[in-house]
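Heads up, the thing below is written out as structure tokens.
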Amino acid sequence: MPIHNEDIAHAFEEIADLLEIEGANPFRVRAYRNGARAVRGLGQELKILIAQGEDLSKVSGIGKALAAKIREYLETGRLKALDKLHREVPESLEEVLRIPGLGPKRVKILYHQLGIQNLRELETAARAGMVRELAGFGPRTEQRILDVIVAHRQKESRFLRSVASGYAESLLDYLRATDGVNMAVLAGSFRRGRDTVGDLDILVTATGGSPVMARFTAYDEVSEVVFHGDARATVILRNGLQVDLRVVSPESEGAALHYFTGNKAHNIQVRRLAQDRGLKINEYGVFEGERRIAGETELSVFESVGLPYIEPELREGQGEIEAAFAGQLPRLLELQDLRGDLHCHTSTSDGQADIRAMALAAKALGREYLAITDHCDHLGITHGLDAGRLRRQCDEIDRLNEELEGITLLKGIEVDILEDGSLALPNEVLRELDIVVASVHTKFGLSRERQTTRILRAMDNPCFSLLAHPTGRLLQEREAYDVDMIRIIRHALDRGCFLELNSQPRRLDLDDHHCRIAKEAGVLVSIDSDAHNERNLDLLAYGVTQARRGWLEKQDVLNTRPFSDLRRLLEGTFL
Ligand code: DGT
Ligand code: CA
Ligand code: CA
Ligand code: ZN
């Protein structure tokens, strides 16, 4: 994706909006708005103008400061000023800002006077009649805000698994505390482990007469009841998340669980197998004529059509039925198979805890090893390490390894892959390390060919160990950059290096599809937390779920290896 004038204008407008919310000097705000207008009015792509040697600072509305910003954006694909604002202003305010009719001026008032940080809080305040009291708002504006929020919610697409799970847990606990309820669990895409979910599907088994339906629709967080029947209801929570509830009696538990876990393609295949045997499968059971022959457990459903149990993460209609019949279902990776974590940050760069604290926290989670991989000093990453500071960090790791029992620290770095495929630190520095985690943090917009070659070339460096977050995607925020992942996977095999499955819920990169390709190619995947604090070390659970969707088994994953084997494998990446 080349950078167009519109991209730059848009970034300037975003800066202006965020500055205005922060209450910045109005002249600064106006400068960015004027800059956006000037850029849109140029009539010629900025890249070309610069190549022609045009002095942008002379263009009316741009000036010296913005000219420098334009160059920064064209060269790096980012604006530090915008990144900084994104860190300062609550991210959720931007969803408020996107509501038509709510410009930065009004958002600023809502934020500073009512403390509103997101749409949900705005809706609550509007329903409580607090918004109309603000200067410049009034009852009609308040009503319009509510209308827009409701319409917006219907368009709201998918939710991150990590976001949905927070809401799901409290709702499940609430339902479980209802008279007559035996079981309340999630089915649907959540149970299949998808990284985002369209809605939550809750299955409850309860004895007849349980008040669970009424309790569900009366749940505190429900903002709208879409449908309400005897065995089925659909509601929308205040954050916009839709929840479907199905209630069945306990003897249908397995059949219903299978039916509502899906996906559709998997369900259709299983139903066909049943038809071939003269059976009928629905959410209540497996039937031969009128007689129920299975359905209490999911296993009984599978067995009724001659299948072994198939894990929910595999139920995508992507060959799992065929594999099951061939006796070739994978024995899926489990969280406790992971022995270590090969990517994390400390307060030496942009993390929040020091090395010792990270080591102790990892040990408490049962990890046997942890690679310390702070950012290197490049493109102004806050407190990135240069060669000198890295050497001091290595000394500290040596000391800690002497002192700490039960966990081994690896000396590492997260080094930038530059545009030409070289690494941002010289090999004489990298060679001293146990692991070199390399990643793309700039120039996301290169063509597919150039982006792919850039990464292949980086892998050719004998110091390269592991490609972090290989596609750079940020779920619901940024598309993957355009690369030929198949070629990268093949090259990793040739070079004896590894690919990461980054466990941050917004990354989960590699995705399930590429995990499966890596496995088939014989390239080991490393499931890492990329933790920036002690708490995030447990994000590995998200990575494991994604890995399971990618059919990965214990032997397909680098950090299931005991430390001595890991060492050897990492040394193999050094020529
Ligand atoms: P999502 O919500 O878009 O992330 O994806 P799913 O897979 O959760 O889809 P959803 O919520 O529409 O349906 C949940 C599960 O229930 C789905 O995996 C298959 C099953 N299901 C839903 N409706 C039907 C239906 O009419 N027939 C059959 N056979 N299965 C259904
Ligand atoms: Ca669903
Ligand atoms: Ca659903
Ligand atoms: Zn990182």
Side-chain angles (χ1 to χ4, degrees), residues 153-169 171-172 175 183-205 213 216-217 219 221-229 231-237 239-248 252-276 279-287 294-295 298 301-302 304-305 307 309-318 320-321 475-476 505-506 508 511-513 542 545-546 548-549:
R153 180 190 301 130
Q154 278 152 7
K155 272 191 306 198
E156 191 75 289
S157 51
R158 303 180 66 82
F159 282 74
L160 280 185
R161 173 181 192 74
S162 54
V163 173
S165 84
Y167 289 89
E169 279 313 316
L171 177 50
L172 287 174
L175 293 174
M183 178 197 85
V185 293
L186 287 166
S189 53
F190 192 98
R191 183 162 181 249
R192 298 197 309 280
R194 284 202 51 180
D195 43 27
T196 62
V197 298
D199 67 3
L200 290 177
D201 303 283
I202 295 182
L203 177 68
V204 162
T205 61
M213 271 300 163
F216 176 62
T217 52
Y219 184 55
E221 300 256 339
V222 168
S223 75
E224 189 186 339
V225 177
V226 178
F227 174 84
H228 183 182
R232 195 158 88 69
T234 295
V235 302
I236 292 172
L237 302 184
N239 69 345
L241 180 60
Q242 176 175 313
V243 187
D244 292 343
L245 173 69
R246 261 316 261 264
V247 183
V248 299
S252 295
E253 177 181 317
L257 201 49
H258 181 261
Y259 187 96
F260 292 111
T261 298
N263 74 356
K264 209 167 167 185
H266 170 92
N267 282 359
I268 288 174
Q269 269 187 289
V270 171
R271 230 175 302 140
R272 266 201 207 115
L273 291 172
Q275 280 159 13
D276 293 346
L279 302 174
K280 203 182 122 202
I281 292 187
N282 60 27
E283 63 265 55
Y284 303 108
V286 183
F287 297 88
E298 273 192 319
V301 175
F302 284 119
S304 73
V305 296
L307 287 169
Y309 181 77
I310 299 176
E311 301 279 2
E313 293 92 334
L314 298 178
R315 300 184 203 165
E316 293 282 342
Q318 303 267 9
E320 69 278 9
I321 308 265
L475 287 164
Q476 297 178 317
R506 292 213 288 197
L508 292 170
D511 68 11
D512 39 10
H513 172 70
Y542 284 91
T545 300
Q546 182 84 312
R548 287 165 63 86
R549 289 181 53 77

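Both ligands and their constituent atoms are indexed starting at 1 by order of listing.
The only option from His258, Arg192, Arg271 that meets the side chain to side chain donor-acceptor pair (under 3.5 Å) definition with His266 turns out to be His258. Tested against Val226, the residues Val243, Thr234, Asp244 include a single side-chain contact (heavy atoms from CB on, under 4.5 Å) partner, Thr234.
Taking every heavy atom of both residues into account, Gly317 and Ala265 meet most closely at CA-CB, 4.1 Å. Of all heavy-atom pairs between Leu160 and Arg506, the closest is CD1-CG, 3.5 Å. The nearest pair of heavy atoms linking Gln269 to Ile321 is OE1-CG1, 3.6 Å. The two residues Ala233 and Thr217 come nearest to each other via the heavy atoms CB-CG2, 4.5 Å. Closest of all the heavy-atom pairs between Ala164 and Val197 is CB-CG2, 3.7 Å. Minimum heavy-atom separation, Leu200 to Phe190: CD2-CD1, 4.0 Å.
The atoms of ligand 1 that sit less than 4.0 Å from any heavy atom of Gly198 are 1 (P), 2 (O), 3 (O), 4 (O). With ligand atoms numbered from 1 in the order given, ligand 1 contributes 28 (C), 29 (N) to contacts under 4.0 Å with heavy atoms of Arg271. Near Asp201, the atoms of ligand 1 lying under 4.0 angstrom from a non-hydrogen atom of the residue are 8 (O), 11 (O), 14 (C). The ligand atoms of ligand 1 that sit less than 4.0 angstrom from a heavy atom of Asn267 are 19 (C), 30 (N). Close contacts of ligand 1 with Gly262, meaning ligand atoms under 4.0 Å from a residue heavy atom, involve 18 (O), 19 (C). Counting atoms of ligand 1 from 1 in the listed order, those under 4.0 Å from a heavy atom of Asn263 are 18 (O). Every atom of ligand 1 with a heavy atom of Arg192 under 4.0 Å away is listed here by number and element: 7 (O), 18 (O). Taking a cut-off of under 4.0 Å to the non-hydrogen atoms of Val197, the atoms of ligand 1 that pass are 4 (O).
By the 4.0 Å heavy-atom criterion, His266 is excluded from the residues contacting ligand 1.
Arg191 and Glu298 are joined by a salt bridge, as a carboxylate oxygen and a charged side-chain nitrogen come within less than 4.0 angstrom of each other.
At least one N/O-N/O distance between Asp199 and ligand 1 falls below 3.5 Å. Inclusion of Ser189 in the set of residues having an N or O under 3.5 Å from an N or O of ligand 1 is warranted. Considering backbone and side-chain atoms alike, Arg158 places an N or O below 3.5 Å from some N or O of ligand 1. Of the N or O atoms in Thr261, one or more lie within a sub-3.5 Å distance of an N or O in ligand 1. Looking at ligand 1, you won't find any N or O of Gly188 less than 3.5 Å from one of its N or O atoms. Inclusion of Thr196 in the set of residues having an N or O under 3.5 Å from an N or O of ligand 1 is not warranted.
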Does the side chain to side chain contact (heavy atoms under 4.5 Å, CB included) test come out yes or no for Gln318 and Arg549, once each step is laid out? CA-CA 10 Å; Gln318 303 267 9; Arg549 289 181 53 77; over 6 Å; no

Show your working on side chain to side chain contact (heavy atoms under 4.5 Å, CB included) between Met213 and Leu245 and close with a plain yes or no. CA-CA 8 Å; Met213 271 300 163; Leu245 173 69; 3.9 Å; yes

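There is a side-chain donor-acceptor pair under 3.5 Å between Arg158 and Thr196.
Closer than 3.0 Å to the Ca ion (ligand 3) sit the protein N, O or S atoms Asp199 OD1, Asp199 OD2, Asp201 OD1, Asp244 OD2.
Taking atom 21 (N) of ligand 1 as the reference point, the nearest protein heavy-atom neighbour is Tyr259 O, 4.2 Å. The protein heavy-atom contact nearest to atom 15 (C) of ligand 1 is Phe260 O, 3.2 Å.
In this structure, CG in Leu241 is found 7.5 Å from CG in Asp199, a value given to the nearest 0.5 Å.
Every residue meeting the side-chain contact (heavy atoms from CB on, under 4.5 Å) condition with Tyr219, not counting sequence neighbours, appears here in chain and number order: Ser170, Leu171, Tyr174, Glu221, Val222, Leu237.
Note that atom 7 (O) of ligand 1 has protein non-hydrogen atoms nearby, at separations under 4.0 angstrom. The protein reaches atom 27 (N) of ligand 1 closely, with a heavy atom under 4.0 angstrom from it.
A cation-pi arrangement is absent between Arg315 and Tyr259, since the terminal nitrogen or guanidinium carbon is not both under 6.0 Å from the aromatic centre and inside a 45° cone about the axis.
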